Amino acid sequence: MTPYWQFARRMLRYRLHFAASVVMVVASAFSLGVGLLGAKPVMDAILDKGQDLRGLATEVNASLAAQNVHESLRIPQHIIDSLPPGEFTALVWIMVGLALLAVIGSTTTFLHAFLAHTIVNRTITGVRREAFHATIRSPLRAVVATGSSDAVSRIVNDSTQLAAGLTVLLSKAVLQIFKGIAGLAAAIIFDWRVTIAALVVAPALYTVIRKLGKKIKRASGRALKGQAELYETASQAMHALKVVKVHTAERLEGGRFHRINKEVLRELNRVRTARALASPLTEMLTIFLLCGLVLVAGRAIISGQIDPGNFILAIAALAVAGASLKPLTGIINDIQTASPAADRLQQLLNAPQEPGHGFRLPRLPRHEKAIRFEAVTFRYPGAATPALRGVELTLEHGRRYAIVGPNGSGKTTLLGLVPRLFDPDEGRVLVDGHDVREYSVRSLRAQIGMVTQEVVLFKGTVRSNIAYGADSVTDEAIIAAAKKARAHEFISAMADGYDTVVAEQGMSLSGGQRQRIAIARAILRDPRILILDEATSMVDAESEGHIAAALAEFAKGRTSLIVAHRMATVQGADAIIVMSEGRVVDSAPHATLMERCELYRQIIASQFGGGGAGSGGGADAA
């Protein structure tokens, strides 16, 4: 079963809605079929063969008797006798009945469409939810490899495309098929020979539709992929708009977007051509069929083998059936267009999930001894060289560790292994002797507070951003965390205080304010392990001094891992870890490293502006 039909099966979960929808479509088709059969007495009346209602009822009883239908199922004679006489009266009542059938048909068609759209909307809502959950639970390594924009495009664009395909299937295809069957049934009753002759051309129609559908599916798949690249390009440019403007790269980014946009247009035009060709080809073959039928039937009518009235009615019923089945060409094309979207969504849903979320995994005991890296090697997807190479390191609980090294030495990668943002390719990460891969990742991360240089704030209030990820926290706890992060003062000065709404990505705040809110968020978690990846790089020197004092107090009794930004941070650490090219070169206090580690002395000279106590910060150490 293809992914499209797997998603289509999900609609069966809404059984009551689905059953009601089927009842409505059957009722609609039944009203159409009865209406077509009701055209025969009208035709007889027009051709001067009409009867009044009594005669029609008597003829029905005679037909039932000829088929050995039990008398109890025939029209009672007293009802026949009570029917009004007159041929015109019979015609009036027949037309009233046909009008009522039209009302019933329209009502049931509306109810079917209403129910079908309800089912599709609920199904797609569930698919989007599952796709989003699958994305945020996927390994960070996979997101790094494919890019986040592709996943977002699948969740938003592809689900919309799939919704369109499911809608035409349930709302239009089922209805048109049933109406087509009703028309064919009426045509068979009128004259089965004409109907069978008409069905001979059906394989030719199917072949045309199938070949065009394949072309549409292939082109639609390429167009969806291009749209994902468009989304990625646009998002990247918007997120880095300051850099684009400062470097006067508007033309460069515009050209990049234009090239991808033209490729998407090319694929969409291929879809356009195939879809535009489908309908006229079908119409042309249908006209050929009608011409052939008229020639064959005309000869039979002349020779007296076919009743002219039945032939006209059979052609009319076939025309109704054809009108009902004609939209299937476009419907099949819509389904083919939605199939690539279904494939991409299924890939997303079936992608491996981040390990460590199983319900049966034990909780990691509260950290109180040491974190140990044993022969850890890690390589990013597509990278030529490993980011970490055979790292051996022990970090004792309750101590502060500063990590320094040249750009690309592996500092941030090392920190990312502690909360299992990545798992090592080789080696193990142990917390108090426990391999973190054997325990619930939630119980590990619940013990970690992390602040990075790239601060992330979410749309919402300052309060909700500080309390992000924390359960059942009080306002007092939020305010206390903000005070420790030296954020309370500027928050209180805002118009709505802690209820102030933060703009997208926190752009309504300064860099230092964003970072202090992030630090308050980490403090609120009351973590056993504190990770600061250049957490004060965007804060001015005076504010950093206050925050450093608060963090020094807060770090007591916790294992603190800090990528150093200023000299004071380095000198205040219990031990300094020196890294280069993914390896730990040395680990010792500042004074010891100044004596024995040449690389450390170079780092101090180049990145911190010298080795004296209290030296100001130079460039970032990351």
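The shown structure was predicted, so the numbers you read here are calculated from the model rather than taken from an experiment.
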### Query
Who passes salt bridge (Lys or Arg N to Asp or Glu O under 4.0 Å) against E595, sequence neighbours left out?
none
### Test salt bridge (Lys or Arg N to Asp or Glu O under 4.0 Å) applied to E392 - qualifying residues, sequence neighbours left out
R372
### Task
Applying ring-ring contact (aromatic ring centres under 6.0 Å, His included), name anything that partners Y439, two or more places apart in sequence or on another chain.
H434
### Query
Taking only residues two or more places apart in sequence or in another chain, which ones pass ring-ring contact (aromatic ring centres under 6.0 Å, His included) with Y600?
H590
Tell me every residue that passes side-chain hydrogen bond (donor to acceptor under 3.5 Å, both in side chains) with [X], counting only those two or more places apart in sequence or in another chain.
{"X": "E396", "value": "none"}
{"X": "T559", "value": "H367, H397"}
{"X": "R525", "value": "none"}
{"X": "R344", "value": "D158"}

Just by distance, do the side chain of [X] and the backbone of [Y] share a donor-acceptor pair under 3.5 Å?
{"X": "R420", "Y": "L417", "value": "no"}
{"X": "Q447", "Y": "P365", "value": "yes"}
{"X": "D432", "Y": "E368", "value": "yes"}
{"X": "K411", "Y": "G405", "value": "yes"}
{"X": "R154", "Y": "L345", "value": "no"}

### Message
Going by side chain to side chain contact (heavy atoms under 4.5 Å, CB included), name the residues that satisfy it together with T385, two or more places apart in sequence or in a different chain.
### Response
R389
Enumerate donor-acceptor pairs with a distance under 3.5 Å from any side-chain N or O in residues 574-589 to protein atoms, sequence neighbours excluded.
{"unit_1": "D574", "atom_1": "OD2", "unit_2": "R400", "atom_2": "N", "d": "2.7"}
{"unit_1": "D586", "atom_1": "OD1", "unit_2": "R596", "atom_2": "NH2", "d": "2.8"}
{"unit_1": "D586", "atom_1": "OD2", "unit_2": "R596", "atom_2": "NE", "d": "2.9"}

### Query
Restricting to pairs with a member in residues 129-138, which pass salt bridge (charged side-chain N to carboxylate O under 4.0 Å, His left out), not counting sequence neighbours?
R10-E130
### Task
Sorted by first residue and then second, give each salt bridge (charged side-chain N to carboxylate O under 4.0 Å, His left out) pair with at least one member in residues 437-449; sequence neighbours left out.
E354-R445, D435-R437
## Note on the structure
For A338 and L162 the tightest heavy-atom approach is CB-CA, 4.2 Å
### Task
Can you label the angle between the F422 ring and the Y380 ring as parallel, tilted or perpendicular, going by 30° and 60°?
perpendicular
